[in-house]
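First the structure, in the form of structure tokens, and then the observations on it.
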Amino acid sequence: MSAAEGPLVVGVDTSTQSTKALVVDVSTGRIVASGQAPHTVSSGAGRESDPRQWWDALCEALRQCGDAAHEAAAVSIGGQQHGLVTLDAQGEPVRPALLWNDVRSAPQAHRLIEELGGPKAWAERTGSVPGASFTVTKWAWLAEHEPESVRATAAVRLPHDYLTERLTGQGTTDRGDASGTGWWASGTESYDEEILRHVGLDPALLPRVVRPGEVAGTVRDGHDLPFSKGTLVAPGTGDNAAAALGLGLRPGVPVLSLGTSGTVYAVSKHRPADPSGTVAGFADAHGDWLPLACTLNCTLAVDRVAALLGLDREAVEPGTSVTLLPYLDGERTPNLPSASGLLHGLRHDTTGGQLLQAAYDGAVHALLGALDLVLDEDADRTTPLLLIGGGARGTAWQETVRRLSGRPVQVPGAKELVALGAAAQAAGLLTGEDPAAVARRWNTAAGPVLDAVERDEATLARISGVLSDAAPLLERGPEAR
């Protein structure tokens, strides 16, 4: 290992399909070592994973980091949001975790909204109108379909909570990830006891919400990880809040993240409450807010379309009037959990490359439609849009976002921003700095800026028109046709 200038920290990103670990030099932000290991997600009606796979993947990712991980003074876990982890009295999973993109709880979401005052009341209370992605709806689904699992549950955790607890032996979470459950009240920043009573969840089963900058615990004995006993453990947070830290994000700067899901968000000083449900009023990981819109279908859906066409993902062609709504997993924005993909406007002369471009357009359309909603009214609309995530370095993604947004686009050079944000949070424990300031010192957001081009209003209007006309069909879902 090369000599480091300052102490070392570990940042972890436990995402839907893999766990990544970075060992980072606090003084410089240099990545000293890294590791990655996959885990599996079920297919079919649900999307589930065994949490024990996340732990095994963490162990393997840290093993790949070698001696550098052993020298780390602090660690933090960033993880996929919303997932419902149910543990028994021995701390073992009662059943596989229900993941964020499991939409089976859509009926429960609709029922909970109606039973507890409607969308406006939910937005004012929790900051968000719950959809099928939210943890509270998954718990309601579990209570209805698997009451024996509910009876066996002695602790309820989110994915990042599960790994943090295995490190420290203490049940903790943070305000950023708690704000995506649907049972955390954003106005009081505490668990909402009325919501918990309504869904039959004892608050004693929930983790303690650790404050920003507070130590969640220390690494305990009796594990196979390379950490020294007493290594500090930060609160951790959800993946989007971690990426915001990793960018050192300031209020008013918009981010569009292209991953398995797509998200658009910005840091705000104002507590959001959107009764339409388009914007989730999440908290961030350092005391502000992170209004966010999320689509279920992004890079994975577009890659699937490319595979069906037998094309490389970059093999797009211009000049199309075809519309493709790539709702292969249902959709969250717009709220169409029962939807499937929809193709309109196919002609004899339509090419495969044009169909692929239409998939890109359909995936980006919903995210850009929510962009103005996540930004404060006084935000500068000429600020470059930060493009991150697995798709951000793809030319087709970059050009589609430029054309449909009409904004300059900046592509940060730093990769693995969720893990870097977690590392910045761990570094803050050692230095006393705001983790976002740590990331700015590391210059993580630096990268090329692509100039703005004229916004393609015609394509945006065409997609909006098809979406509006097809709404009854999309709301019914394929099983009802």
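Just so it is clear, the model here is predicted, and its values are computed rather than measured. We use all heavy atoms of the structure for the numbers below, so side chains are in, but hydrogens, waters and symmetry mates are not.
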Quiz item: Are E475 and L336 close enough that some pair of their side-chain heavy atoms sits under 4.5 Å apart?
Solution: yes
Quiz item: salt bridge (Lys or Arg N to Asp or Glu O under 4.0 Å): which pairs involve residues 285-297, sequence neighbours left out?
Solution: K269-D288
Quiz item: ring-ring contact (aromatic ring centres under 6.0 Å, His included): which pairs involve residues 126-151, sequence neighbours left out?
Solution: H82-F134, W141-H145
Quiz prompt | Check: A109 main-chain N/O paired with T137 side-chain donor or acceptor under 3.5 Å | solution = no
Quiz item: Looking at W184, is R125 sitting on its ring face, NZ or CZ under 6.0 Å from the six-membered ring centre and within 45 degrees of the normal?
Solution: no
Quiz prompt | Donor-acceptor side-chain pairing of E331 and T295 below 3.5 angstrom | solution = no
Quiz item: Any idea which heavy atoms bring A439 and G248 closest together, and the distance?
Solution: CB-N, 3.6 Å
Quiz item: Between P51 and V85, which heavy-atom pair has the shortest distance, and what is it?
Solution: CG-CG1, 3.9 Å
Quiz item: Between E60 and R63, is a salt bridge (charged side-chain N to carboxylate O under 4.0 Å, His left out) present by the stated rule, with each step listed?
Solution: CA-CA 5 Å; E60 172 58 23; R63 186 197 64 78; 2.7 Å; yes
Quiz item: Does atom CZ of R250 have more than 12 heavy-atom neighbours from other groups under 6.0 Å away?
Solution: no
Practice problem: Any chance you could lay out the side-chain contact (heavy atoms from CB on, under 4.5 Å) test for V267 and V253, step after step, and finish with the verdict? | Solution: CA-CA 7 Å; V267 170; V253 178; over 6 Å; no
Practice problem: Would you check, one step at a time, whether the test side-chain contact (heavy atoms from CB on, under 4.5 Å) holds for I77 with L167? | Solution: CA-CA 10 Å; I77 310 288; L167 286 173; 4.1 Å; yes
Exercise. Check whether any side-chain heavy atom of F227 lies under 4.5 Å from a side-chain heavy atom of V75, and answer yes or no.
Key: yes
Quiz prompt | Whether over 12 other heavy atoms sit under 6.0 Å from H198 NE2 | solution = yes
Self-check item: Where at least one partner belongs to residues 150-166, residue pairs that pass salt bridge (Lys or Arg N to Asp or Glu O under 4.0 Å), sequence neighbours excluded
Solution: R157-E165
Quiz item: Do L196 and D202 have side-chain heavy atoms sitting under 4.5 Å apart?
Solution: no
Quiz item: Does V219 reach the side chain of L225, with side-chain heavy atoms less than 4.5 Å apart?
Solution: no
Quiz item: Residues in side chain to side chain contact (heavy atoms under 4.5 Å, CB included) with A74, at least two apart?
Solution: V9, L232, A426, L430
Exercise. Report yes if some heavy atom in the side chain of Y327 is under 4.5 Å from a heavy atom in the side chain of R332; otherwise report no.
Key: no
Practice problem: Decide side-chain contact (heavy atoms from CB on, under 4.5 Å) for V156 and L84; before the verdict, give the C-alpha distance in whole Å, the side-chain angles of both, and the deciding distance to 0.1 Å. | Solution: CA-CA 7 Å; V156 171; L84 175 64; 3.6 Å; yes
Quiz prompt | Residues in side chain to side chain contact (heavy atoms under 4.5 Å, CB included) contact with S49, at least two apart in sequence or another chain | solution = V41, W54, L99
Please output the side-chain donor-acceptor pairs of residues 206-217 that fall under 3.5 Å, not counting sequence neighbours, one pair per line with the distance.
| unit_1 | atom_1 | unit_2 | atom_2 | d |
| --- | --- | --- | --- | --- |
| R208 | NH1 | E214 | OE2 | 3.0 |
| E214 | OE1 | R211 | N | 3.0 |

Exercise. Look only at the side chain of R441 and the backbone of V26, and say whether a donor-acceptor pair between them is shorter than 3.5 Å.
Key: yes
Practice problem: For salt bridge (charged side-chain N to carboxylate O under 4.0 Å, His left out), just list the numbers for E48 and R104, CA-CA rounded to whole Å, side-chain angles, deciding distance to a tenth of an Å, and then say yes or no. | Solution: CA-CA 11 Å; E48 302 180 353; R104 288 176 290 179; 2.7 Å; yes
Exercise. Carefully, step by step, assess K20 and S34 under the rule side-chain contact (heavy atoms from CB on, under 4.5 Å).
Key: CA-CA 7 Å; K20 310 173 189 76; S34 63; over 6 Å; no
Practice problem: Without swapping roles, check the side chain of S15 against the backbone of S18 for a donor-acceptor pair under 3.5 Å. | Solution: yes
Quiz item: How would you list, by chain and number, every residue that makes a side chain to side chain donor-acceptor pair (under 3.5 Å) with S268, sequence neighbours excluded?
Solution: D376
Exercise. Return the minimal non-hydrogen interatomic distance between W122 and G182, and the atom names on each side.
Key: CZ3-O, 3.3 Å
Quiz item: For the residue pair Y360 and W397, is the inter-centroid distance of their aromatic rings smaller than 6.0 Å?
Solution: yes
Practice problem: Could you list the residues that satisfy salt bridge (charged side-chain N to carboxylate O under 4.0 Å, His left out) with D329, not counting sequence neighbours? | Solution: R47
Quiz item: Side chains of Q64 and Q36: do they bring a donor and an acceptor to under 3.5 Å?
Solution: no
Quiz item: Taking atom types as modelled, is there a side-chain donor on T181 or T135 under 3.5 Å from an acceptor on the other?
Solution: no
Practice problem: Report the residue from V32, L420, L8 that forms a side chain to side chain contact (heavy atoms under 4.5 Å, CB included) with V24. | Solution: L420
Quiz item: Heavy atoms, side chains only, cut-off 4.5 Å: are E416 and L22 in contact?
Solution: yes
Exercise. Would you please name every residue forming a side chain to side chain contact (heavy atoms under 4.5 Å, CB included) with D239, sequence neighbours left out?
Key: Q80, Q81, V418
Quiz item: D102 and K138: salt bridge (charged side-chain N to carboxylate O under 4.0 Å, His left out), yes or no, with the steps?
Solution: CA-CA 9 Å; D102 188 316; K138 299 180 188 305; 5.1 Å; no
Self-check item: Backbone N/O of T168 and side chain of R220: donor-acceptor pair under 3.5 Å
Solution: no
Could you give the side-chain donor-acceptor pairs of residues 270-281 under 3.5 Å, partners two or more places apart or in another chain?
| unit_1 | atom_1 | unit_2 | atom_2 | d |
| --- | --- | --- | --- | --- |
| R271 | NH1 | E124 | O | 3.2 |
| R271 | NH1 | S186 | OG | 2.6 |
| D274 | OD1 | S276 | N | 3.0 |
| D274 | OD1 | S276 | OG | 2.8 |
| D274 | OD2 | S276 | OG | 2.8 |
| D274 | OD2 | T278 | N | 3.3 |
| D274 | OD2 | V279 | N | 2.9 |
| S276 | OG | T278 | N | 3.2 |
| S276 | OG | T278 | OG1 | 3.2 |

Exercise. Give the minimum heavy-atom separation between G35 and C65, together with the two atoms involved.
Key: N-SG, 3.7 Å
Quiz prompt | Over all atoms of both residues, closest heavy-atom pair of A243 and I388 | solution = CB-CD1, 4.1 Å
Self-check item: Any side-chain heavy-atom pair of D284 and W289 under 4.5 Å
Solution: no
Quiz item: When you check the side-chain N and O atoms of T188 and S190, is any donor under 3.5 Å from an acceptor?
Solution: yes
Exercise. Could you tell me whether the side chain of L62 reaches within less than 4.5 Å of the side chain of L58, counting heavy atoms only?
Key: yes
Quiz item: Would a distance-only check, ignoring hydrogens and angles, find a side-chain to backbone donor-acceptor pair under 3.5 Å from E433 to P435?
Solution: no
Return all side-chain donor-acceptor pairs below 3.5 angstrom for residues 256-264, not counting sequence neighbours, or 'none' if the list is empty.
| unit_1 | atom_1 | unit_2 | atom_2 | d |
| --- | --- | --- | --- | --- |
| T260 | OG1 | Q17 | NE2 | 3.2 |
| T263 | OG1 | N240 | OD1 | 3.1 |

Quiz item: Is the backbone of A57 close enough, under 3.5 Å, to the side chain of T19 for a donor and an acceptor to pair up by distance?
Solution: no
Quiz prompt | Any residue meeting side chain to side chain contact (heavy atoms under 4.5 Å, CB included) with V129, in chain and number order, not counting sequence neighbours | solution = I113, P119, A123
Quiz item: Looking only at heavy atoms, what is the nearest atom pair of A285 and Q425, with distance?
Solution: CB-NE2, 4.2 Å
Quiz item: Taking D25 for the side chain and G29 for the main chain, is one N or O donor matched with an acceptor at less than 3.5 Å?
Solution: no
